[in-house]
Protein chains: 2
Amino acid sequence: MVSPVNSSGSTKERILGAAEVLFAQRGFDGASLRQLTAAAGVNLAAVNYHFGSKDKLVEEVFRRRLDALNASRLSALAKVAGHPDTTLEAVLAAYIRPALDLSHDGNGSLFMRVLARAFAEHDDTLRQFLSANYGHVMRQFTAEFARLLPQLSKQELYWRIDLVTGALTHAMSGFGMIQRKSDVSEHAHREQTAQHLIRFAVAGLSHP
Amino acid sequence: MVSPVNSSGSTKERILGAAEVLFAQRGFDGASLRQLTAAAGVNLAAVNYHFGSKDKLVEEVFRRRLDALNASRLSALAKVAGHPDTTLEAVLAAYIRPALDLSHDGNGSLFMRVLARAFAEHDDTLRQFLSANYGHVMRQFTAEFARLLPQLSKQELYWRIDLVTGALTHAMSGFGMIQRKSDVSEHAHREQTAQHLIRFAVAGLSHP
DNA sequence: GGCCAGTTCAAACGATCGTTTGAGCATACG
DNA sequence: CGTATGCTCAAACGATCGTTTGAACTGGCC
């Protein structure tokens, strides 16, 4: 009934890995600590010993991926933001490409599904955690969008960013709908996907 | 801790109403039958008596709203589909406006949040139910999009529809971010929202 | 060896879950 | 009136949940 034992890495890492998979598959409530620890090949009590509680484990699952993702996004943004000849494409690439790279290695793609769940669940605790720890990233991108799209009112801009965010979250979590053909390399497919998302976002943000 | 008693309508209707609210707030797993029946002002056993099980209740919550929503969408689509001078705007309006009208009366807006949850949860049972009962609606709209956008390959079109769907679902479930100002009538605000979503979707679908 | 901090383990705790039960109540029909 | 039918009710069922406990085991250090 439950996935096989994972026997590589430390206990904490095995729990985090199994949690990412099961949270993506069954949700935060739906995945029990017993399923989770069985999949990770560790004792049930290990979660509370190493993380304190299930809620703290959820936070750690987010922290591990989001720290890397947002650092990568901000680093990419810093290279293009503020320059007089920066394009909308370049800023969107700084936002989208790190997420696609995350999908590439390990179970990172499952994490985007976990993230989509967090969006759908209007759980206040989780939203506050995300907003407090990673809100500044979206704020920096929003500021750059505002600079590149001066003709839009604040309200207009927020509307469009919200819609673009929804589209990207949906697309990256619902993965698998657009299958990679066998005659296309993974790298080429990722490049194709990035182009799709970026062009769509440019059109959605900058239409008259 | 739990919302007050609802004392209007039949037992079945009170359960359905309370279920819609609580499923939107806490998810399908998160909302317990005890919270639900307490909010509806009915006995705990009433859910299993009238609906058979919690899962069947979930299906009924969807069926009640989706039957009306999709009938309205198909009716609107039938008025414009196939005509030689039909615009993309008109088809998108047929898709979007019925959903906004649903948000208008009663707790319909909460239902869009329930729908967004269903998207995020990759629960197979629920997805099969939705696909089996309402898949034909999306198929008809897709066919009309294909007719109006002959320059796009099938793969291109699916990509864009997927992204637009994500944007709309996200926007209509995340409601409240864009607040209605007190000096704007509700009808005017709804019209504004419709224009926003439609123009965004047109740009996303038809960009070169 | 003896001790100790760090970790794992089986077992149990109380709470809550969806569901079932059987008695009790209401209304309608002969 | 008697009784059948549809519904509501309090109470309990077994299962599963997150968490806690205290003993057992581990390695390194004196």
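Computed over heavy atoms, backbone and side chain alike; hydrogens, waters and symmetry mates excluded. Sequence lines set the chain letters: A, B, ... in the order given, protein chains first and strands last, and positions in each chain run from 1. In this text, all values refer to a predicted model and were calculated from it rather than measured experimentally.
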Exercise. Rounded to the nearest 0.5 Å, what separation is found between the OH atom of A/Tyr49 and the CG atom of A/Leu44?
Worked result: 15.5 Å
For this session: Measure from CZ on A/Arg34 to P on C/dC17 and round the result to the nearest Å.
Result: 16 Å
Exercise. What is the bend of the helix from C/dG1-D/dC30 to C/dG30-D/dC1 when you compare the axis at one end with the axis at the other, using five pairs each and rounding to 10°?
Worked result: 30°
Problem set entry | Integer-rounded Å distance: D/dC17 P and A/Leu57 CG | 15 Å
Exercise. Angle class for the B/Tyr134/B/Phe129 ring planes (parallel below 30°, perpendicular above 60°, tilted otherwise)?
Worked result: perpendicular
Problem set entry | d(CD, A/Gln35; C1', D/dA15) in whole Å | 14 Å
Problem set entry | Nucleotide D/dT16, atom C1' - distance to CG of A/Leu44 in whole Å | 12 Å
Problem set entry | Salt-bridge criterion met for B/Glu59 and B/Lys56 (N-O under 4.0 Å) | no
Exercise. Does B/Thr169 reach the side chain of A/His170, with side-chain heavy atoms less than 4.5 Å apart?
Worked result: no
Grab the N/O contacts between the protein and nucleotides 5-8 of chain C below 3.5 Å, and write none if there aren't any.
unit_1	atom_1	unit_2	atom_2	d
C/dT7	OP2	A/Tyr49	OH	3.4
C/dT8	OP1	A/Thr11	OG1	2.3
C/dT8	OP2	A/His50	NE2	2.7

Exercise. What's the CG-P distance between B/Leu36 and C/dT16, to the nearest Å?
Worked result: 17 Å
Problem set entry | Between C/dC17 (C1') and B/Asp29 (CG): distance, integer Å | 11 Å
For this session: State the CD1-CG distance between A/Ile161 and A/Leu168, to the nearest 0.5 angstrom.
Result: 11.5 Å
Problem set entry | Between C/dC13 (P) and A/Leu33 (CG): distance, integer Å | 20 Å
Exercise. Below 4.0 angstrom from OP1 or OP2 of D/dT16, is there any side-chain N or O of A/Ser32?
Worked result: no
Exercise. Salt bridge check: are A/Arg113 and A/Glu20 linked by an N-O gap of less than 4.0 Å?
Worked result: no
Exercise. How long is the gap from NE2 on B/His136 to CG on B/Asn133, to the nearest 0.5 Å?
Worked result: 9.0 Å
Exercise. Using 4.0 Å as the upper bound for N to carboxylate O, is an ion pair formed by A/Arg160 and A/Glu156?
Worked result: yes
Seminar exercise, completed: dist B/Leu110:CG -> B/Gln25:CD (nearest 0.5 Å) comes out at 7.0 Å
For this session: Using atom CG of B/Asn48 as one end and atom P of C/dG22 as the other, report the distance to the nearest whole Å.
Result: 16 Å
